[in-house]
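As structure tokens, the structure follows; a few thoughts come after it.
Start at 1 with the first residue, then count along the sequence.
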Amino acid sequence: MSTNAELVANWRDEPAPLLSVFHAFHDRDGFISEEVLRDISVGLRIPLAELFGTLTFYHHFSREAPGQSTPRVCTGPVCRLQGGIEILNALKDEGATEMPCAGRCDDCVPVIKGHQVFTGKNADNLSVQPTPLPPTYPGDKEECIFADIREQNGNTIEGYQNTGGYGALRKAITSLTPQHVIQTLKDSQLAGRGGAGFPTGVKWESVLNAPGEPKTIVCNADEGEPGCFKDRVILDYAPHTIIEGMTLAAYATGATRGFIYLRYEYPETLRILEKAIAEAEKENVLGKDILETQFNFDIHIRRGAGAYVCGEEGSLLNSLQGEHPFPRNRPPYPVTHGFENLPTVVNNVETLAAATQILRKGAAWYRSLSYNPDLSGTKIISLSGDIQKPGNYEVPFGLPLKSLLYDWAGGPLPGRKIQAITSAGLSGGFIGENDLDINIDEPSFQNVGAMLGAGGIMVFDDTRDMLDAAHNAMEFFAEESCGKCFPCRIGTHRLTELLSKPLNQKSKDIIAEIGSVMKATSACGLGTAAPNITDSLMRLIP
């Protein structure tokens, strides 16, 4: 077994080493001791106090035995209603602790033990199950990202190439300039699918034109938003589409290094990605002198450790750099001052997967996939909760929401009716049954006081207590607040307290006032989005 100094030295000269060092010790010992922390501090020349603050920010790093081997049970908004609390209590003798939504809302309830994720509705039938594939496509348009995802062996490079994989990269490198690649994306009108909706082609162009090297491509695969689980199905069944998308982005921008920031709760996905990267390097579509050209691009995987705020790009970049993962003040933006203050593209998994298909099939094709003439393409909706057919659905923009809920996903459970749904995971708040006659696109959701965002939708039927659901949601935001700004740090806790008892006019007025201040003054999207829960609850409970 390597000594502490040797283990640190193994990673010292690697890019973004700290998370990997933490994980190396956590895997070796099951926890990170004070002695280990001191040796990391010396080896990486990071002040001990700073290192301690960074380590303890993450949920999944244990600081004492038995640590990593103890069960962690999801008690997120869906799983807590599907047996999560009962499983947690049943496993208390094993030292079980609860964790926030683990991104398996379509396959409840996840329990992480070591490097495996077990699922089941009670503690006696937990088992390891593969990621559910998307349901058979029922639409009359064409899928973009999911078109080939159900093909056998699609997560191998052979299977991926059998469906045209790496064709876009070969075409780009051999016959297109970086400007042509970017123009295709701009013509497609692809916007970021993580929630912000920034034009992807404009982002890539900004990095191409920004001074400073080396430039970096970061894939944000830290989908910590409760109710969102689309990244996992793409990465598990089509990892090469992300590798190709990142490599296309690198070619278009002049980047030479890339990172996939993968959420902790996906250990099986980590192994799939490691294999896919090795396959791509062997096939010479990744690494040095790609396709016998002078184009070089390497991809490194860095695994998070459980921190919702790391889904925000500034926090993610700080986390990669080994710093305390606070959100960054903007401007400057990552396109000019990203990883190590150099030009950086940060795209989420869905965006990169769509970009690959656009550069394979063309901008006009992508624009044709939408029902809405003002919006291009598709959106993956992670649908869960009190619905007959939970899962990931790739829908054309403009599809009626009720078509998804009732025609595609079978509607509520027998004998029940839909009381409300969440939008954007939790961040968009609730949409009541009277407002479900809308289309699936951002403007339509905004018209009812919500937002589509990352595309997570959780369904609550008429048996659910929406005040309790709102309290649970706000409790999550309070726990996940990074604490950098006091409107969010204090506001989320105060709102949690107010939602813990029946509402009256006085408490509603206080809730509205706190929410208004949080929206106006919070430092990042967590603080500005959390009041969507209480605002929408007031519409549900007049």
Side-chain angles (χ1 to χ4, degrees), residues 76-78 100-101 103 105 191-198 220 222-228 230 263 307-316 325-330 346 348 379 381-382 420-432 435 441-458 460 466 469-496 498-499 511-540:
V78 172
C101 178
C105 314
R193 295 293 186 247
F198 190 82
N220 182 350
D222 191 58
E223 58 173 352
E225 183 70 44
C228 292
K230 58 188 172 65
R263 72 177 303 188
Y308 170 74
V309 76
C310 286
E312 192 274 336
E313 62 182 11
S315 299
L316 184 154
F326 280 142
R328 295 180 176 183
N329 294 329
R330 297 183 298 180
V346 182
N348 81 327
K379 182 76 189 79
I381 303 296
S382 298
I421 66 169
T422 65
S423 64
L426 283 178
S427 296
F430 300 109
I431 301 176
D435 288 326
D441 55 54
E442 197 65 61
S444 298
F445 274 60
Q446 289 178 3
N447 285 339
V448 295
M451 62 181 181
L452 180 59
I457 293 178
M458 293 178 276
F460 294 84
M466 297 311 298
H471 176 265
N472 174 256
M474 195 59 65
E475 197 171 38
F476 167 80
F477 284 125
E479 174 66 23
E480 294 297 330
S481 174
C482 73
K484 179 180 181 180
C485 69
F486 72 84
C488 176
R489 181 178 71 241
I490 299 172
T492 51
H493 280 279
R494 185 71 178 117
L495 290 176
T496 302
L498 290 164
L499 293 173
I511 286 172
E513 183 177 1
I514 293 173
S516 177
V517 172
M518 289 176 64
K519 287 184 174 184
T521 60
S522 293
C524 81
L526 191 158
T528 58
N532 290 333
I533 292 292
T534 45
D535 289 350
S536 58
L537 180 68
M538 297 306 107
R539 295 192 290 271
L540 287 176

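- None of C488, S427, P531 except one satisfies the side-chain contact (heavy atoms from CB on, under 4.5 Å) rule with F477; the exception is S427.
- One finds the CD1 atom of I511 at 13.5 Å from the OG atom of S516 (value rounded to the nearest 0.5 Å).
- Using a 4.5 Å cut-off on side-chain heavy atoms (C-beta onward), L452 and K379 make contact.
- Remark: E313 engages R330 in a salt bridge, criterion side-chain N to carboxylate O under 4.0 Å.
- Rounded to the nearest 0.5 Å, atoms CE (M451) and CG (N532) are 5.5 Å apart.
- A heavy-atom distance below 4.5 Å is found between the side chains of P327 and C482.
- Distance check, rounded to the nearest 0.5 Å: OH of Y308 to CD of E479 gives 13.5 Å.
- Note that CZ of F445 and CD1 of I457 are 4.5 Å apart. Values are rounded to the nearest 0.5 Å.
- In this structure, CD1 in I533 is found 10.5 Å from OG1 in T496, a value given to the nearest 0.5 Å.
- Put simply, OG on S315 and NZ on K484 are 8.0 Å apart, with the number rounded to the nearest 0.5 Å.
- Using modelled atom types and a 3.5 Å distance limit, the side chains of S444 and N447 yield no donor-acceptor pair.
- The side chain to side chain donor-acceptor pair (under 3.5 Å) check on D535 picks up K519, with sequence neighbours excluded.
- Between N472 and L499, the closest side-chain pair of non-hydrogen atoms is not below 4.5 Å.
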